[in-house]
Amino acid sequence: MRQSRAFIPTLKESPADAEVASHRLLLRAGFMRKVASGIYDFLPLGTAVLRRIMDIIREEMKAAGAQEVLLPILQPRELWEESGRWSRYGEEMMRLKDRSGREFGLGPTHEEMITDLVRSNTGSYRDLPLNLYQIGPKYRDELRPRFGLLRGREFIMKDGYSFDRDEEGMLESYRAMYEAYGRIFTRCGCAWRAVEADTGLIGGDVSHEFMVPAEIGEAQIAYCDSCEYAANLEKAGYRRETPRGPRPDLRPQEAHTPGKRTIEEVSGFLGVEPRMMIKCLMYLVEDRPVAVLLPGDREANEAKLARALGTETFRLFAPEDWERFPLYLQGFVGPVGLEGARVIADQGLQEAADLVCGANRVDHHLLHVSPGRDFQVDAYCDLGTALEGDACPRCEAGRLRREAGIEVGQIFQLKTRYSLPLRAFYRDERGESRPMVMGTYGIGVSRLMAAVVEQNHDDRGMIWPEELAPADLHILPLDWSREELREEAEALYREARERGLEVLLDDRDERAGSKFADADLIGIPWRAVIGREFLKTGRLELQARRDGEKSLLSRGELLERLTVKRHPAARGKISAG
RNA sequence: CGGGGCGUAGCGCAGUUUGGUCAGCGCGCCGGCUUUGGGAGCCGGAGGUCGGAGGUUCGAAUCCUCUCGCCCCGACCA
């Protein structure tokens, strides 16, 4: 590609509304442009990178036995009624009507569509297993699109679905996808981590997320510094230490705590460590009050709470709830003598003794309280959020660490979550009808592109990993008006392309500084500089974008070196478009 | 949806408090000359219904009302 004719509108200044590196650099380097909140055009360079990511995905999917399909974005309401998600998906689904009033949704995901396709075209155990995937745009009307490609309303996604005869088969499909995902993210130049993930109430019981560590990541993960354990914070377990005070023999005793409502205030006032207190949170669960108990130093984890309660319709008491239930005194609620509320407690309190909690009387707390003896608990569950430094739930020695990450993929063991309601059945060897056992596997393709930039940039621009770069070589003749330089650049351009390299030739009549600045911004991994050195010695300068390392080479040596570096499989078929 | 902020040329911004030489600056763009290893200099030029609608006024980018869009924080989130 000749840069003079390429559509690469770079910007010297950052657009004002770009906060994170990937967003800012992708705009500045002319890879994309914003159309509306959370909606972007991909320009030629951005498209080239997406194409390379998709090529990697296609190769790995093919190797893992999956077949590519392409399903409509426009999905009829009736299908979503069948799975119950037309109403459940809520405002996040973009909806529209055709001229005759028929309703459609723009696909946020394709479980219904794929299940419909498979159920009506497979009937026998001989048709299974089946693993289908597609790559295309998805639509989610996010409450708050942000960070450019990291949370958009229209984005490119690879979504895949496996259909097996039974659970063992599904586990096999799941494992194959897990491994393929690891290869994909590695080839994309990412440091990544697979973590155990929450499935919500929808997706069966086992799920993994693939996380790319990044400061600006919206997901929080916990991992063990000693073993392989890693989990989304919503799911992360930890080994509990039971808080037991020195006097479990004493009976509860009231203490005057004037105006002390928070754990911190009471702890300071009474000189008791937060972990020796009972945090009592009032939740409104399906319109009824529930008391949620935790050790005083723990935050409640609402994803875990949803699982424990078996519903997602709950909220922490709001001001109007405190008014509606005047029996409960904000700041002084406690489980002892609490009336009219279910009580669920974190497992960490199960064997605890001699703690401090609210007395259900204004300005008073209770000392020497022991669960079980002084109050009843309806259920003990895992409700707390893991903290940095907690003991690992899997191994003896490990401590948990926390990290922020960008979720670039997630895989689910769906089992029969969709095949039952959508009646995707097959006949087994004995002619009996059985539901297909499914898995679903997603990769945020456009988000992955942004995640790669978050991990691969410096203050001057992006630094593309070789497999994803929009080109393999960037040729910079520093003075286009000098014929010798021009001729050498043209020769290199021609010969590099003959060797199957994708090349960007900066044939613009620009000054050296501008060419360097744009080249740094765009981030093609290898740069051939043709300038002063060539005029003096006939050598070219090969520079690595990542570390700036330079070597002086003849044209032939330079070509040889790059041809060897080039990944043989992924190149050469990208130039269309 | 709650809180905060912002819409003025392709991009970045000043001007709005106090209505009247306020249609401006830098970058970019076009033309010319000089330059040419890290975003050059000089000269000349094009480009804006000041987000939109309505109102107040002799007069509105500026004041008022409504509206649309965008960003940040929060709530929420396969």
Side-chain angles (χ1 to χ4, degrees), chain A residues 9-20 23-24 27-28 30 33-39 83 85 88-93 107-112 138-148 150-153 155 157-161 197-204 207-209 216 218-220 232 234 302-303 306 312-316 318-319 407-412 414 417-418 440-444 447 460-461 476-482 485 506 508-521 527 529-536 540-541 543 548 550:
Chain A
T10 58
L11 302 171
K12 201 181 271 190
E13 293 172 280
S14 305
D17 51 12
E19 291 273 309
V20 300
H23 189 195
R24 192 169 3 103
L27 289 170
R28 277 193 61 202
R33 282 291 182 268
K34 185 173 77 175
V35 175
S37 178
I39 300 174
S83 70
R85 291 209 293 184
R88 191 124 42 87
Y89 224 94
E91 305 223 287
E92 204 172 311
M93 181 149 65
T109 174
H110 281 69
E111 280 83 9
E112 284 81 358
K138 291 281 183 285
Y139 298 84
R140 290 182 193 173
D141 198 358
E142 293 283 349
L143 282 175
R144 184 140 96 84
R146 63 182 130 182
F147 300 151
L150 290 173
R151 179 167 296 267
R153 294 192 294 173
F155 55 96
M157 179 168 164
K158 171 265 165 186
D159 51 318
Y161 309 87
D198 187 33
T199 54
L201 289 181
I202 305 173
S207 173
H208 287 85
E209 287 168 330
I216 52 92
E218 297 183 85
Q220 291 289 321
N232 189 308
E234 294 177 342
E302 296 202 344
E312 281 179 332
T313 45
F314 62 83
R315 64 153 189 257
L316 194 59
E407 178 198 338
V408 291
Q410 185 167 11
I411 58 179
F412 289 87
L414 285 180
R417 166 65 183 86
Y418 295 89
T440 182
Y441 317 96
I443 293 177
R447 177 186 280 185
R460 289 173 313 178
L476 300 197
L478 292 185
D479 185 351
W480 194 247
S481 64
R482 301 283 298 249
L485 301 187
D506 194 346
R508 297 174 303 166
D509 191 13
E510 288 286 337
R511 301 170 63 84
S514 304
K515 293 193 177 198
F516 281 125
D518 274 346
D520 287 339
L521 198 54
R527 179 181 308 169
V529 177
I530 305 174
R532 218 181 256 153
E533 184 66 29
F534 179 77
L535 293 174
K536 267 191 285 183
L540 316 180
E541 223 173 290
Q543 297 182 0
K550 300 174 186 178

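Naming convention: chains lettered A, B, ... in sequence-line order (proteins, then strands); numbering from 1 in each chain. Hydrogens, waters and symmetry mates play no part in the numbers below; they use all other heavy atoms, side chains included. Just so you know, these numbers come straight off a predicted model, no measurement behind them.
Between A:R417 and A:E111 there is no salt bridge, since no side-chain N of the basic residue sits under 4.0 Å from a carboxylate O of the acidic one.
Each of A:S481 and A:A517 was matched to the nucleotide of RNA chain B holding its nearest heavy atom; the match closer to the 5' end belongs to A:S481. Nearest-nucleotide positions on RNA chain B place A:R508 closer to the 5' end than the other of A:G409 and A:R508.
OP1 or OP2 of B:G37 sits under 4.0 Å from a side-chain N or O of A:R532.
Here B:C1 presents its P atom at 11 Å from CG of A:D141, a figure rounded to the nearest Å. Straight-line distance from the CG atom of A:L27 to the P atom of B:C11: 11 Å, rounded to whole Å. Rounded to whole angstrom, the span from the CZ atom of A:R511 across to the P atom of B:U35 amounts to 11 Å. Across the protein-nucleic acid pair, A:E510 atom CD and B:G37 atom P stand 14 Å apart, rounded to whole Å. The distance from atom CD of A:Q410 to atom C1' of B:A78 is 7 Å, rounded to the nearest whole Å. Going from atom CZ of A:R28 over to atom C1' of B:C11 covers 11 Å, rounded to whole Å. Summarising the geometry, the separation between CH2 on A:W480 and P on B:G37 is reported as 17 Å, rounded to the nearest angstrom. Per the geometry, NZ belonging to A:K515 stands 12 Å off P belonging to B:G37, to the nearest Å.
Distance noted for atom C1' between B:U8 and B:G52: 14 Å (whole Å). Taking atom C1' in both B:C73 and B:G37, one finds a spacing of 45 Å when rounded to whole Å. B:C63 and B:U17 have their C1' atoms separated by 11 Å, with the value rounded to a whole Å. For the C1' atom pair drawn from B:G45 and B:C66, the interatomic distance equals 41 Å after rounding to whole Å. B:G28 and B:C64 are spaced 38 Å apart, taking the P atom of each and rounding to whole Å. Remark: the separation of the P atoms in B:C72 and B:U16 is 27 Å, to the nearest Å. Distance noted for atom C1' between B:G44 and B:C11: 23 Å (whole Å). Across the C1' atoms, B:G7 and B:G15 are found 15 Å apart, a figure rounded to whole Å.
The salt bridge (Lys or Arg N to Asp or Glu O under 4.0 Å) test with A:D518 is passed by exactly one of A:R511, A:R508, A:R527, A:R460: A:R508.
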Dump the pairs, protein N or O against N or O of nucleotides 25-27 of chain B, anything under 3.5 Å, distances to one decimal.
{"unit_1": "B:G26", "atom_1": "N2", "unit_2": "A:E13", "atom_2": "OE1", "d": "2.7"}
{"unit_1": "B:C27", "atom_1": "O3'", "unit_2": "A:K12", "atom_2": "NZ", "d": "3.2"}

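Closest to the side chain of A:D479, from the set B:U36, B:G12, B:A78, is B:U36.
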Evaluate side-chain contact (heavy atoms from CB on, under 4.5 Å) for A:R153 paired with A:R140, printing each intermediate quantity in order.
CA-CA 5 Å; A:R153 294 192 294 173; A:R140 290 182 193 173; over 6 Å; no

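The shortest distance between side-chain heavy atoms of A:R447 and A:R151 falls below 4.5 Å. Counting heavy atoms from C-beta outward, A:L535 and A:R482 have side chains that approach closer than 4.5 Å. In this structure the side chain of A:L540 reaches within 4.5 angstrom of the side chain of A:F534, judged on heavy atoms. Between A:H23 and A:I216 the shortest side-chain heavy-atom distance does not fall below 4.5 Å. A 4.5 Å side-chain heavy-atom check between A:E112 and A:Y418 finds at least one atom pair inside the cut-off.
You won't find any donor-acceptor pair under 3.5 Å spanning the side chain of A:R482 and the base of B:G37, going by distance alone.
Using Watson-Crick or G-U wobble geometry with both donor-acceptor distances under 3.5 Å, B:C58 finds its partner in B:G20. Nucleotide B:G2 forms a Watson-Crick or G-U wobble pair with B:C73, both donor-acceptor distances falling under 3.5 Å. Summarising the base pairing, B:G7 is matched to B:C68 through a Watson-Crick or G-U wobble pair whose two defining distances lie under 3.5 Å. Nucleotide B:A78 is matched to nothing when pairs are restricted to Watson-Crick or G-U wobble geometry with both distances under 3.5 angstrom.
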Heavy-atom protein contacts under 4.0 Å, nucleotides 67-77 of chain B, coded B base, S sugar-phosphate only, - none:
---SSSBBBBB

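Looking only at atom types and distance, the side chain of A:D159 has a donor-acceptor partner in the side chain of A:Y161 under 3.5 Å away.
In this structure, A:T440 reaches neither bases nor backbone, as no heavy-atom distance under 4.0 Å exists between it and the strands shown. Here A:P15 lies in heavy-atom contact (under 4.0 Å) with sugar-phosphate atoms only. Base engagement by A:D518 is indicated by at least one non-hydrogen atom pair under 4.0 Å involving a base atom.
Around CZ of A:R24, the count of heavy atoms belonging to other residues, nucleotides or ligands within 6.0 Å exceeds 12.
For the atom pair CZ of A:F412 and CD of A:E209, the computed distance is 7.5 Å after rounding to the nearest 0.5 Å. The line from OG1 of A:T10 to CZ of A:R28 is 8.0 Å long, rounded to the nearest 0.5 Å.
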